Amino acid sequence: MQFELKHTADESKARAGRITTDHGVIETPIFMPVGTAGSVKGIHKRDLKEDIGAQIILGNTYHLYLRPGLSIIEQAGGLHKFNGWDGPILTDSGGYQVFSLGDIRKLSEEGAKFQSHIDGSAHLFTPENVMDTQRTIGADIMMAFDECTPGDAEYEYARKSMEMTQRWLDRCWNQFVKTSPKYGYSQSLFPIVQGAVYPDLRAKSAQSVLQYNADGYAIGGLSVGEPEKDMYAMIEVVNEILPENRPRYLMGVGTPVNILEGIDRGVDMFDCVMPTRNGRNGMLFTSKGIMNMRNKKWADDFSPVDPDGTSFVDHQYSRAFLRHLIIAGEMLGAQIASQHNLAFYLWLVKEARKHILDNTFKSWKEEMVRQLSVRL
RNA sequence: GGGGAGAUACCAAAGUGGCCAACUGGGUCUGACUGUAACUCAGAUGACGUACGUCUUCGUAGGUUCGAAUCCUGCUCUCCCCA
């Protein structure tokens, strides 16, 4: 994997770049749709690629390991062959599940023991076997196994957690270099910076991660309950330290505004379940603001879903019809909303890239941020 | 014509003397959702008031009772069975 930094915007740290993987090119800044179980919920590959314009998608180690299981994925010849997505894939390591499944897992120096959310069976995830699993899944970008520290963690907890993530990273890296790709294309491993909302911990974590000279670096443990201003502050601290010539991935973020603020602070890659999950739950993100499609005011609005939208669903269906589908619990409603949101997210980062390249990012961003917060 | 059952809030449906402005579903309204245990979750849903509360409700008109959605009587309507 290679990263080429094309341009940094005036009056901003926003960057335009290009990542080249064996499965294709990614133009940054980029938003990566989340396909936890190997599928971006409700979205066909064709729409993902041609309508939405996704350049890379996510998968999840924990979920795929549990179901369908590694044997099936290996038999298929890796996740790309299995799900038919021939572009780049990034897999999360299960580190987020250490956070989100807090009630059904036990943490130790060795790793995290999960109680499967599917059948209750016990599974030990270690930095080593998580690397092996991601080799088997065949992700173009593998993520280090970390503890995603909760946003409200006390300093001492955050320090110990961050230090353990560091030790885990070392074990990840050893296993990574000791093993080889299984399917004939190369894989990268991204370390993850932790440290909760404490600048000194973040700085320390970012410094320590540099020793691996990785192909890219991630900022984790944000948008997990901490105030937004803390999130932005941490991004600033970390990006001051991370190398210019490597992509920076802000994990799990976020709202359209979060993404623009992240780009402004020098982040290149984002992923988030919001466009799909909130879409399924009836919320639309548009360039004019947020729409809650369950609100009655859309019931007799027969205008297009989003006249400015780039997806065919934006013009094919009316707001009234989409609202009807969502209220009626029709699958198509969730699909349309998800597809619209993803197309909007991809439009947003593409637009950001354009404005970075022609040095109009800052003013464009300010105007967009104002607009995006409006509730329609 | 004879026999039986029933009428409760937008709908369905509990409640059968005080803990009932009335369980529970659905519907409706409003929120929340950030490396997906999530097409999920939370709140509201007679009126007025921020609230303690006040007022009007359980087909309808009366009655019994300290007190009635609940008991009694008349009326109206609905459904089922037999002719």
Side-chain angles (χ1 to χ4, degrees), chain A residues 31-43 56-64 66-67 89-105 114-120 130 134 139 141-151 165 190-194 217-228 231 249-259 261-262 267 269-285 290 292-299 322-323 325-338 341 345 375:
Chain A
F31 176 80
M32 309 181 281
V34 178
T36 304
S39 120
V40 178
K41 293 189 194 301
I43 307 294
I56 170 174
I57 64 172
L58 257 68
N60 184 286
T61 301
Y62 167 83
H63 295 263
L64 291 168
L66 286 181
R67 194 165 55 188
I89 294 176
L90 180 153
T91 44
D92 182 35
S93 60
Y96 185 73
Q97 280 62 46
V98 172
F99 162 73
S100 68
L101 303 183
D103 295 338
I104 52 172
R105 59 91 176 128
F114 290 101
Q115 193 130 37
S116 159
H117 70 281
I118 299 165
D119 64 6
V130 166
Q134 291 182 97
I141 299 174
M142 305 170 26
M143 298 306 300
F145 191 47
D146 65 335
E147 181 191 1
C148 177
T149 315
T165 288
F190 281 20
I192 302 173
V193 172
Q194 289 290 343
Y217 297 92
I219 308 171
L222 290 177
S223 64
V224 282
E226 80 287 356
E228 264 190 358
M231 168 166 76
Y249 164 30
L250 177 56
M251 304 185 79
V253 174
T255 65
V257 170
N258 290 161
I259 287 173
E261 296 295 355
V267 175
M269 305 164 72
F270 303 85
D271 79 283
C272 191
V273 304
M274 274 194 141
T276 42
R277 179 187 291 164
N278 289 32
R280 286 197 302 282
N281 291 331
M283 177 180 253
L284 258 51
F285 299 98
I290 293 165
N292 181 350
M293 292 313 293
R294 296 207 317 251
N295 290 172
K296 191 178 191 169
K297 61 180 147 211
W298 311 118
L322 176 56
R323 175 176 194 274
L325 294 176
I326 286 168
I327 294 291
E330 287 286 328
M331 290 188 288
L332 185 58
Q335 290 180 282
I336 292 170
S338 297
N341 281 343
Y345 268 62
R375 302 203 68 116

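Residue numbers begin at 1 in each chain, while the letters A, B, ... track the order of the sequences. Keep in mind that what you see is a predicted model, and the values were worked out from it rather than measured.
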Whole-Å distance between B/G35 C1' and A/Phe99 CZ? 11 Å
Pairwise P distance, B/U16 and B/A51 [rounded to whole Å]: 31 Å
Less than 4.5 Å apart, any side-chain heavy atom of A/Met251 and any of A/Asp92? yes
Checking N1-N3 plus N6-O4 or O6-N4 for Watson-Crick, or N1-O2 and O6-N3 for wobble, each under 3.5 Å, the partner of B/A37 is none
Checking all strands, does A/Ile327 fall into the base, sugar-phosphate, or nothing category for heavy-atom contacts under 4.0 angstrom? sugar-phosphate
Whole-Å gap separating C1' (B/C41) and CG (A/Asn292): 14 Å
Using atom CD1 of A/Ile43 as one end and atom P of B/C39 as the other, report the distance to the nearest whole Å. 14 Å
Side chain to side chain, A/Phe270 and A/Asn258, heavy atoms closer than 4.5 Å: no
Taking only the P atom of each, what is the distance from B/C81 to B/C11 in whole angstrom? 26 Å
Look at the side chain of A/Ser100 against the base of B/U36 and say whether a donor-acceptor pair falls under 3.5 Å; ignore hydrogens and angles. no
Say we look at B/G18 and B/C80: how far apart would their P atoms be, to the nearest angstrom? 34 Å
Does A/Glu226 reach a base, just sugar-phosphate, or nothing at all? Heavy atoms under 4.0 Å. nothing
Of the non-hydrogen atoms in A/Gln134 and A/Thr91, which two are nearest, and what is the gap between them? OE1-OG1, 2.7 Å
When both hydrogen-bonding distances must be under 3.5 Å and the geometry is Watson-Crick or G-U wobble, what is B/C58 paired with, if anything? none
In sequence, state the C-alpha distance, the side-chain angles, and the governing distance for A/Asp271 and A/Tyr249, and then conclude on side-chain hydrogen bond (donor to acceptor under 3.5 Å, both in side chains). CA-CA 8 Å; A/Asp271 79 283; A/Tyr249 164 30; 2.6 Å; yes
Is B/A83 paired to anything, Watson-Crick or G-U wobble with both distances less than 3.5 Å, and if yes, which nucleotide? none
For residues A/Val253 and A/Ile259, report the shortest heavy-atom separation together with the two atoms involved. O-CG1, 3.9 Å
Quick one: is A/Arg277 getting a side-chain N or O under 4.0 Å of the B/U34 phosphate, OP1 or OP2? yes
A/Thr36 has a side chain; which of B/C33, B/U36, B/A37 sits nearest to it? B/U36
Rounded to whole Å, the CZ-C1' distance (A/Arg67 to B/A37) equals 10 Å
Over how many whole Å does the gap from A/Met293 atom CE to B/U40 atom P extend? 18 Å
Suppose we define a pair by two distances each less than 3.5 Å, Watson-Crick or G-U wobble; what does B/C52 pair with here? none
Using purine N1 to pyrimidine N3 plus N6-O4 or O6-N4 for Watson-Crick, or N1-O2 and O6-N3 for G-U wobble, both under 3.5 Å, which nucleotide pairs with B/A21? none
Would you classify A/Asn278 as touching base, sugar-phosphate or nothing, given that sugar-phosphate means primed atoms plus P, OP1 and OP2, and contacts are heavy atoms under 4.0 Å? base
Which whole number of Å gives the distance between the P atom of B/U30 and that of B/A12? 25 Å
Does any nucleotide pair with B/G67 by Watson-Crick or G-U wobble geometry, both distances under 3.5 Å, and what is it? none
Ranking B/A37, B/U34, B/U28 by distance to the side chain of A/Ser223, first place goes to B/U34
Rounding to an integer number of Å, can you tell me how far A/Met274 CE sits from B/G31 P? 14 Å
Could you work out which one of B/U34, B/G35, B/U36 sits closest to the side chain of A/Thr255? B/U34
If I pick the C1' atom on B/U70 and the same atom on B/U8, what distance separates them, to the nearest angstrom? 11 Å
Whole angstrom value for the distance that separates P of B/U34 from CZ of A/Phe285: 11 Å
Quick note, A/Met283 side chain, CB onward, closest among B/C33, B/C39, B/U34 is B/C33
Residue whose nearest RNA chain B nucleotide is more 5′ - A/Ala144 or A/Met331: A/Ala144
Any side-chain heavy-atom pair of A/Thr276 and A/Pro33 under 4.5 Å: no
Going by modelled atom types, is there a donor-acceptor pair between the base of B/C39 and the side chain of A/Asn281 at under 3.5 Å? no
So which one's nearest nucleotide on RNA chain B is more toward 5', A/Asn60 or A/Gly329? A/Asn60
Are the side chains of A/Val257 and A/Glu228 in contact, using a 4.5 Å heavy-atom criterion? no
Determine whether A/Thr36 and A/Leu58 make a side-chain contact, defined as any pair of heavy atoms from C-beta on separated by less than 4.5 Å. no
Closest to the side chain of A/Tyr96, out of B/A37, B/C33, B/C29, is B/A37
To the nearest angstrom, the CG-P distance between A/Asp146 and B/G35 comes to 14 Å
Is there a Watson-Crick or G-U wobble partner for B/A9 with both distances under 3.5 Å, and which nucleotide is it? none
If I pick the C1' atom on B/A21 and the same atom on B/C58, what distance separates them, to the nearest angstrom? 10 Å
Base, sugar-phosphate or nothing for A/Asp103? Non-hydrogen atoms, less than 4.0 Å. nothing
Could you work out the separation of B/C75 and B/C23 based on their P atoms and round it to a whole Å? 34 Å
Which of B/G35, B/C39, B/G31 is nearest the side chain of A/Arg294? It is B/G31
Under a 3.5 Å limit on both distances, the Watson-Crick or wobble mate of B/U30 is B/A42
How would you label the contact of A/Arg105 with the nucleic acid (heavy atoms, under 4.0 Å): base, sugar-phosphate, or nothing? nothing
Which nucleotide in the set B/A37, B/C29, B/U34 lies at the smallest distance from any side-chain heavy atom of A/Lys296? B/C29
Would you classify A/Gly282 as touching base, sugar-phosphate or nothing, given that sugar-phosphate means primed atoms plus P, OP1 and OP2, and contacts are heavy atoms under 4.0 Å? nothing
Ranking B/G35, B/U34, B/U36 by distance to the side chain of A/Ile192, first place goes to B/G35
Heavy atoms only, 4.0 Å cut-off, all strands: where does A/Gln97 land among base, sugar-phosphate and nothing? sugar-phosphate
Nearest-angstrom distance, C1' atom, B/G15 to B/G74: 26 Å
Nearest heavy-atom pair of A/Tyr62 and A/Gly94: which atoms, and what distance? CB-CA, 4.2 Å
Have a look at A/Thr276 and say if it touches a base, only the backbone sugar-phosphate, or nothing, with a 4.0 Å heavy-atom cut-off. base
